[in-house]
Number of protein chains: 2
Amino acid sequence: MPARQPAKPRARRNTSEARPYHHGDLRRVLIDAALQLAAEGAEISVREAARRAAVSPGAPFRHFPNRDALMSAVAEEAQRRFRAEIEVALEQAPAADPFGRFRAFGLAYLRWARRNPAHFEIISTGRYFAHGSSAELTRDNAELIALTEGILIEAAKQGLLRPADLKRIQIAGRALVYGFARMNLDGHLSRWGVEEGEIERMAEGVIDLFIAGIAKV
Amino acid sequence: MPARQPAKPRARRNTSEARPYHHGDLRRVLIDAALQLAAEGAEISVREAARRAAVSPGAPFRHFPNRDALMSAVAEEAQRRFRAEIEVALEQAPAADPFGRFRAFGLAYLRWARRNPAHFEIISTGRYFAHGSSAELTRDNAELIALTEGILIEAAKQGLLRPADLKRIQIAGRALVYGFARMNLDGHLSRWGVEEGEIERMAEGVIDLFIAGIAKV
DNA sequence: GGGAAATGTAATCGATGATTACATAACGAA
DNA sequence: TTCGTTATGTAATCATCGATTACATTTCCC
């Protein structure tokens, strides 16, 4: 693999500067800077990312045709982390217990969204760039959808569900989890009188309520 | 009430212009222009609103200290319309039928969000301004929350619910509806294979599924 | 070695939110 | 009616941002 080292320039011409003219991996650094900007609650701007990479304002455009492309790359990275964390959580839940898996999925989803609000916003909102433009993003997303679908199919196979259209259950479940995550993100929960300390517990309660609602009595 | 007429200026000095120097009700016109900008899917910019009001770029700042204040006023107007439409829908549903009312609420909510995506986004996201700054917005919102609370209390009083914490049910229901609205808004539904024509039906199905889940069996 | 390609810089453009000094109209008290 | 005060709009200006272009430097590969 061509993991280039920064490769100290052979001849240094500069009087005092330490950084070589070429940056090493500016693309990567810009994405990380943007991710951190978001995490700090700031707007992501190309210039600020460039500033943090100690590079001229025009440099980023060598790696991204426009701001949207940077945002798209940022979203890809965030979505990768999101998916990875959920999959780790699911490894702890036995495949034979669909409701346990559903619960684990929902909790991991909500926990990540809560810990990474700005990143969650970027990957879920489709306001920062055209979501269709990234194949990787689409793939990661489809993978998560397939995951929940598999869980529900298993539940149906075991005869755990009340009679209902599977797709409808799946979408309702996702809407519930997505909605809770966004209510928190958008500051609705405090307006609903849910204290910061209660959120985690309320998340569990809401998920369990949903499961009880679809489970055969 | 001091509903001032535009009050044709007594003496006209201008050679050809039709519009008087003072605008009549620029504040109102700016809000409407901004609402229309949003409805057209464009970004709301102070300058563009001023342009549409045929007024200089600095004029809006006589009525709004900054862009956020304009956005806040826009949100207030949108939220007023939102609340009004939901309340009209609820008038059609008898108070004695809580589930019918819950259903009517959800459907009216989702229909408005679907027909006014940009306005819904503005009032729900809290990304465009500080939501706490508008008392009117807070009041309209609290009113809607109280509405759903009343519905659930009535359902409990009639013994229609399975045993569960009311607040938990309320938040779950709101998360479900909010989540569905946002999934649609954020383009998730198409990624989930829900065609445009199916959305309305799917919305009903999801709401009914939730009601069935909380109803006593 | 040396030329082509990649990558960064500098200068510049148009749009935006915001501020300031100034112009004009409306209002109200004498 | 008149005249000063206040409200409201204009013009000019600034800093920031995304984006483009011409140019400089470095790396890569034949």
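Below, read A as the first sequence line, B as the second, and so on, with proteins coming before strands; counting in each chain starts at 1. All heavy atoms count here, side chains included; hydrogens, waters and symmetry mates do not.
Taking the six-membered ring for Trp and the full ring otherwise, A:Phe129 and A:His131 have centroids separated by under 6.0 Å.
Ion pairing between a basic and an acidic side chain is recognised when a charged N comes within 4.0 Å of a carboxylate O; B:Arg80 and B:Glu136 show such pairing. Taking the charged nitrogens against the carboxylate oxygens, A:Glu121 and A:Arg182 do have a contact shorter than 4.0 Å, which makes a salt bridge.
Note: A:Phe82 and A:Tyr109 have perpendicular aromatic rings, judged against thresholds of 30 and 60 degrees for the angle between ring planes.
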- Query: Could you walk me through whether B:Arg201 and A:Arg168 pass the side-chain contact (heavy atoms from CB on, under 4.5 Å) check?
  - Reply: CA-CA 10 Å; B:Arg201 190 156 37 84; A:Arg168 176 178 299 181; 5.6 Å; no
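Residue B:Glu40 places its CD atom among more than 12 non-hydrogen atoms of other residues, nucleotides or ligands, all under 6.0 Å distant.
When the C1' atom of C:dC13 is taken as reference, atom CZ of A:Phe61 falls 13 Å away, rounded to whole Å. Going from atom CD of A:Glu43 over to atom C1' of D:dG18 covers 13 Å, rounded to whole Å. Put simply, CG on A:Asp25 is 14 Å from C1' on C:dG8, counting in whole angstrom units. Protein atom CZ of A:Arg51 is 17 Å distant from nucleotide atom C1' of C:dG8, rounded to whole Å.
The shortest distance between the side-chain N/O atoms of A:His63 and the OP1/OP2 oxygens of C:dA6 is not below 4.0 Å.
Residues from residues 64-72 of chain B with heavy atoms under 4.0 angstrom of DNA chain C, sorted by number: B:Asn66, B:Arg67.
A residue-by-residue look at A:Arg62 and A:Pro57 shows that A:Pro57 has its nearest nucleotide of DNA chain D further toward the 5' end. Residues A:Gly58 and A:Glu48 each lie close to DNA chain D; by heavy-atom proximity, the contact nearer the 5' end of the strand is made by A:Glu48.
When each of C:dT9, D:dT10, C:dT12 is scored by its nearest atom to the side-chain atoms of A:Arg47, the top-ranked nucleotide is C:dT12.
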